[in-house]
Amino acid sequence: MSEALRIALVGNPNCGKTSLFNHLTGTRQKVANYAGVTVERKTGTFTLPSGRAVRVLDLPGTYSLNATSPDEAITRDVVQGKVAGEEQQDAFLCVVDATNLQLHLGLVLEVIELGKPILLVLNMMDEARRRGMQINTQKLVQRLGVPVVETVAVRDSGIINLMGALDREKFHTPETELSDVKLSGSNHEKIDQLLKDVVQFVDHEDKRTDFLDKIFLHPVFGLLSLAVMMFVVFQAVFSWAEPIMTRIEDCFAWLGEQIGGLITQPLLHSLVVDGIIAGAGGVVVFLPQILILFFFILVLEESGYLPRAAFLLDKLMFKAGLSGRAFIPLLSSFACAVPGIMATRSIQDPRDRLVTIFVAPLMTCSARLPVYALLIAAFIPAQTVWGFLNLQGLVLFGLYMSGIVSALAVAFVLKFFQKDKSQHALLMELPSYRIPDIKSIWIGLLDRAKIFLKRVGGIIFALSILLWFLCTFPQPPEGAMLPAIDYSLAGMLGHLMQPIFAPLGFNWQICIALIPAMAAREVLVASLGVVYALSTTDEDAVSKGLEALITTGDLKWSLATGLSLLVWFIYAPHCLATLATVKRETGSMKTVLGMTAYLFGLAYLMSFLTYQIASGYFGL
């Protein structure tokens, strides 16, 4: 059997490279980091019609091999064969947006000049034809000296031709100099000459993009449309997910009954039912809401809208001490602060980058969603406002907006500590609007579901068992009148912490749950489930679930306590992975400690004000 063919995808951002990667590999892909750096390494496999296996590497997008960021440096080093431990590639697939050859061919010429085996992929050919562009592919082959394949990655068009070219190894090492391009000097001159020879424009205008930009980039209607889009997202998170969440809850309740009925040993029964099933089930139930949130983010990304949102918000963000380039890293932080912080590498100014890193944890990540969903469902009535708005969705929207406003406020304060007060111009490519690729969205959602379920099966599972152990041992003495958890190690620690958090309205059970939640925020839900399952001897009450126990008042939580805990999780840095990423990205433990201190300080202050005002002035 022949050895697997090794290829790498190279291209500018927004060229459709990742869509092509998803269509070639499907779900046969994995994500890791390059050795020694935090840059993401995405690889996959597929099989050619001949049966030969192919290993494909999706390199980070770059405009040039003259790297200005860690991501671009990785692409440069892989193309030049300088990455330690990385196998040499048999060929490079240079993916370009056929509608923007003026910009995208620059990178292709740089790779050609290195003398690497190349296959040029003209992607988005349907869009080029729609705009009236006629590209003479045969003449382009002659002028560049490399084979060319036309594709439409989002529709699988041309994929068969591409795989056929790979099967025949229809790529070769070009000459170092472009012999047919008579102009010497810069690559810009070569590109201008090429375009005159191989491209004819029937209509230069992209009327669809121009029309939509008049709306989405308008200083008033653009901001209004962005606010409406975000509002719809948070409404959908509750409205669409509720039926599926109910089914998941029923499944875990049934599983607990079935397995619990087979276990007669009390401690083992408690471990399995109260520790494992209750802990994991309490988190898995929120998977639909997380996937709905990611669905909207992926759709906005695939459609080409996100760079426009960054451009639209640039002036507003600058006034708060942020760059418009911070928009995409901060939006990524709504999914998870870790990739959001890593995405700040695109911000060239070191001060702007540091400020963005500092405020990224204030964006409401998907790990907060289970906590918010639990408390909102327990304390906020499931009713409509003005006849069509979901009240719970409104509260969730308010929590997200609180994080955004707080981030802008922190950035505004940090702005006064910056020596450089000058404005840094935002230069970025605005891609054409396009219909989102359903397959790429599906693969993205599948990846997110796998990551989330791995967390449930890994860290949350382990912490649930550990917490159960701490809540169970030592066993209560004979004649004990209180629930067993009061005599356990966790109970002792919770009672010790309770005076510190009493001004926030937190009882000792909440104090216990806050400790494992430092590993990951969503662990709080599992932790509370374990703690309260062991805090009562009323089996009927436990079977109702944690939300029901809070709602009925069996756990003596006031509305003020619920609101205080919600506010705590807007600010508190309950994520060791985020802090570790900040350490890797900045190389400064001082920065990590400073971030941790200010976030915990904000969490305590805002929760204190919330509880005292809600309980003292409103009697909640």
Side-chain angles (χ1 to χ4, degrees), residues 33 38-40 69-71 230 290 293-294 297 300-301 306-307 309-310 313-314 316-318 320-369 371-372 399-415 417-418 424 426 448 451 518-522 568-603 606:
N33 284 342
T38 54
V39 177
E40 190 176 88
S69 71
D71 285 21
M230 299 300 290
I290 291 172
L293 176 64
F294 270 93
I297 291 177
L300 293 175
E301 183 179 11
L306 289 189
L313 294 173
D314 180 50
L316 176 64
M317 297 180 73
F318 173 74
L322 290 166
S323 162
R325 290 188 180 276
F327 174 76
I328 293 179
L330 293 181
L331 186 67
S332 300
S333 297
F334 279 110
C336 178
V338 171
I341 291 171
M342 293 169 63
T344 61
R345 298 169 187 155
S346 64
I347 304 174
Q348 296 181 354
D349 185 86
R351 294 185 182 87
D352 289 345
R353 182 176 183 238
L354 186 60
V355 172
T356 306
I357 289 174
F358 252 71
V359 301
L362 292 174
M363 299 297 104
T364 303
C365 66
S366 59
R368 288 181 173 98
L369 200 54
V371 179
Y372 288 171
L399 291 168
Y400 273 75
M401 290 306 300
S402 297
I404 294 172
V405 172
S406 298
L408 294 176
V410 170
F412 183 77
V413 172
L414 291 176
K415 181 179 181 180
F417 294 95
Q418 295 183 8
H424 304 279
L426 176 63
R448 174 47 54 180
I451 292 171
M518 276 301 300
R521 292 180 180 94
E522 64 268 45
W568 173 269
F569 273 90
I570 294 176
Y571 303 101
H574 281 282
C575 184
L576 293 178
T578 296
L579 299 178
T581 302
V582 173
K583 173 62 172 64
R584 289 198 304 268
E585 293 295 314
T586 64
S588 170
M589 195 63 196
K590 183 179 179 181
T591 300
V592 176
L593 294 176
M595 174 184 285
T596 304
Y598 106 81
L599 287 174
F600 270 129
L602 269 180
M606 300 307 292

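Heavy atoms only: backbone and side chains are in, while hydrogens, waters and symmetry mates are out.
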So, applying side-chain contact (heavy atoms from CB on, under 4.5 Å) with L322, which one of V410, D352, T356 is it? T356

Can you give each donor-acceptor pair under 3.5 Å made by side-chain atoms of residues 589-598, sequence neighbours left out, with the distance rounded to 0.1 Å?
residue, atom, partner, partner atom, Å
T591, OG1, S588, OG, 3.1
T596, OG1, V592, O, 2.8
Y598, OH, F358, O, 2.7

CG/L330 to CD1/I341 distance, rounded to the nearest 0.5 angstrom? 10.0 Å

List the residues meeting ring-ring contact (aromatic ring centres under 6.0 Å, His included) with F569, not counting sequence neighbours, and say none if there are none. H574

Just how far is it from atom NZ of K583 to atom CG of L579, taken to the nearest 0.5 Å? 12.0 Å

If we only count heavy atoms from C-beta on, is the Y400 to L369 side-chain gap below 4.5 Å? yes

Listed by chain and number, what are the side-chain contact (heavy atoms from CB on, under 4.5 Å) partners of S333, not counting sequence neighbours? A360, M363

Is it true that a side-chain atom of R368 and a backbone atom of I570 form a donor plus acceptor pair closer than 3.5 Å? yes

Please identify each residue that fulfils side-chain hydrogen bond (donor to acceptor under 3.5 Å, both in side chains) with S406, with sequence neighbours left out. Y571

Correct closest heavy-atom pair for A572 and R521 would be O-NH2, 3.5 Å

Rounding to 0.5 Å, atoms CG (L599) and CG (L362) come to a distance of 5.5 Å

What distance do T581 atom OG1 and I357 atom CD1 have between them, rounded to the nearest 0.5 Å? 10.0 Å

Applying side-chain contact (heavy atoms from CB on, under 4.5 Å), can you list everything that pairs with A320, at least two apart in sequence or on another chain? L408

